[in-house]
There are 2 protein chains.
Amino acid sequence: MRLLLISNSTNAGEEYLSHPKENIREFLGDKKVTCLFIPYAAVTFSFDDYEKKVQDRFLQLGHDIRSIHKFLDPVQAIQEAEAIVIGGGNTWQLTRMMQENNLLDPLKEKIQNGTPYIGWSAGSNVACPTIKTTNDMPISQPLDFKVLGVIPFQINPHYLDANPEGHAGETREMRIEEFIEANPDIYVVGLREGTMLQLEEDKLNLTGPRKARIFKRGQAPIEVDPGSNINFLFE
Amino acid sequence: MRLLLISNSTNAGEEYLSHPKENIREFLGDKKVTCLFIPYAAVTFSFDDYEKKVQDRFLQLGHDIRSIHKFLDPVQAIQEAEAIVIGGGNTWQLTRMMQENNLLDPLKEKIQNGTPYIGWSAGSNVACPTIKTTNDMPISQPLDFKVLGVIPFQINPHYLDANPEGHAGETREMRIEEFIEANPDIYVVGLREGTMLQLEEDKLNLTGPRKARIFKRGQAPIEVDPGSNINFLFE
């Protein structure tokens, strides 16, 4: 499998999809690739607008996208795709629409057969076994929390270390500690903004300017450096 | 109905259940009340510990609690309760356990018949029609997102206005804007820390040192002052 699972589209103060642009370019290679784009995480803007925004960026990188909502047969579009891209937004809406359109199995099969997959934020969440480590508000009820499961561990995108000063709500770490208490056999990768996981064949790599924080029940959280071997997440 | 729906147990830098203590005391009245406590939102600590922590506080206020996990027949415990208290923690775990133990209908009936209800954080979330405006991580999958529905609007507890500096993830307002887009007919009350809603007979009141921010689709968010009439939320 070939996966590029990005924490976030946009760093604070930067342009849309700016921080991962070289990673996306290299991941897709020198030859122009037209990716199938899944825009279903968009809630407060249209799929057309989402397609345009992402397409503008991909064209700058020498690649292109076409959104699945423009195809008459979305399953066929998946089966014929050169690469799959799922963008961020609301993970719940994304999951529900993929389930209602019966796209999870075709997507999983396609990705497992080696078609490159790029996701950011909600698009990284749905690569996991479930959406149980999303940060998003559960604005719509999906049929099930199970999603693609092309990796055996959970990602928490936009991982952040502290609340705003004076706020007493749970920190992200406290939330993940609840997750591992209720789900003891699975790793969670707290993927900080600006970073991503890349899987090439059997090698999993953390890329970006910051460490990732990895949680599992019964273990103290560990910080891993960009570039270090994190294949233990597949154990 | 009599409801006291509190945003959060604890303000930053204060003791547990300190900010709402006078409100709880007055809400329960001069005569000692022993409340039935539902501790199911606890994930990383035991129900016994949770009962003890809340009991210590209620005893200081001249009242008492007993946790539902100590009763042989939880439905009977609800039916015989003088008052109901649901504490914070993880809304998903709380919802799932209430559903699995078939407690939602007995609780709803009991509260609608006038038994005083106090909730904070997750305990305020489950008074709403659904848990779709929780901030909590969906660590376990409930049978359904529907909960008590003793009020017709949604509460977002621990409402906060900004992300930590440098963090680009969705703000709370962006998340609630997604909710109202997907759920256009319902109000959301962004209930800031230190504040609460109190319903007495037919009068709904905001109490505490901060305004609440109220959202509905097609309207600009409005800020309401403590003490102002917010009965329009029942329309």
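Convention: sequence-line order gives letters A, B, ...; per-chain numbering from 1. Hydrogens, waters and symmetry mates are skipped; everything else that's a heavy atom, side chains included, is used. Treat the numbers as computed from the prediction; the structure is a model and nothing was measured.
Under a cut-off of 6.0 angstrom, the local environment of CD in B/Glu165 is sparse, with at most 12 non-hydrogen atoms contributed by other residues, nucleotides or ligands. For A/Glu223, the CD atom is densely surrounded, since the number of other residues' heavy atoms within 6.0 Å is greater than 12. No more than 12 heavy-atom neighbours from other residues, nucleotides or ligands sit within 6.0 angstrom of CG on B/Asp105. Heavy atoms from other residues, nucleotides or ligands lying under 6.0 Å from NZ of B/Lys70 number more than 12. The number of heavy-atom neighbours closer than 6.0 Å to CD of B/Glu100, taken from other residues, nucleotides and ligands shown, is above 12. The neighbour count for B/Glu109 CD, taken as heavy atoms of other residues, nucleotides or ligands under 6.0 Å away, does not exceed 12.
Only the backbone of B/Thr10 has a heavy atom closer than 4.5 Å to any heavy atom of chain A. With a 4.5 angstrom heavy-atom cutoff, A/Asn183 touches chain B only via side-chain atoms. A/Thr134 touches chain B through backbone and side chain together, each having a heavy atom under 4.5 Å away.
Listed options B/Asn11, B/Asn90, B/Asn8 were ranked by heavy-atom pairs under 4.5 angstrom with chain A; first place goes to B/Asn90. Between chain B and the residues A/Met137, A/Glu170, A/Gln141, the most heavy-atom pairs under 4.5 angstrom are made by A/Gln141.
Residues of residues 174-182 of chain A lying under 4.5 angstrom from chain B, judged on non-hydrogen atoms, are A/Arg175, A/Ile176, A/Glu177, A/Glu178, A/Phe179, A/Glu181, A/Ala182 in numerical order. Contacts from residues 143-158 of chain A to chain B, taken as heavy-atom pairs separated by less than 4.5 Å, involve A/Leu143, A/Asp144, A/Phe145, A/Asn156, A/His158 in sequence order.
Contact of the B/Ile131 side chain with the A/Pro138 side chain is not registered, since no non-hydrogen atoms from C-beta on lie closer than 4.5 Å.
Of the possible polar contacts, one joining the B/Glu193 side chain to the A/Ala168 backbone as a donor-acceptor pair under 3.5 Å is found.
Here the shortest heavy-atom pairing between B/Pro164 and A/Asn163 reads CG-C, 4.1 Å. Between A/Gly166 and B/Ala12, the shortest heavy-atom contact is O-CB, 3.4 Å.
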### Query
Going through the checks in order, is the side chain to side chain contact (heavy atoms under 4.5 Å, CB included) test met by A/Ile139 and B/Lys132?
CA-CA 5 Å; A/Ile139 62 168; B/Lys132 289 182 179 179; 5.6 Å; no
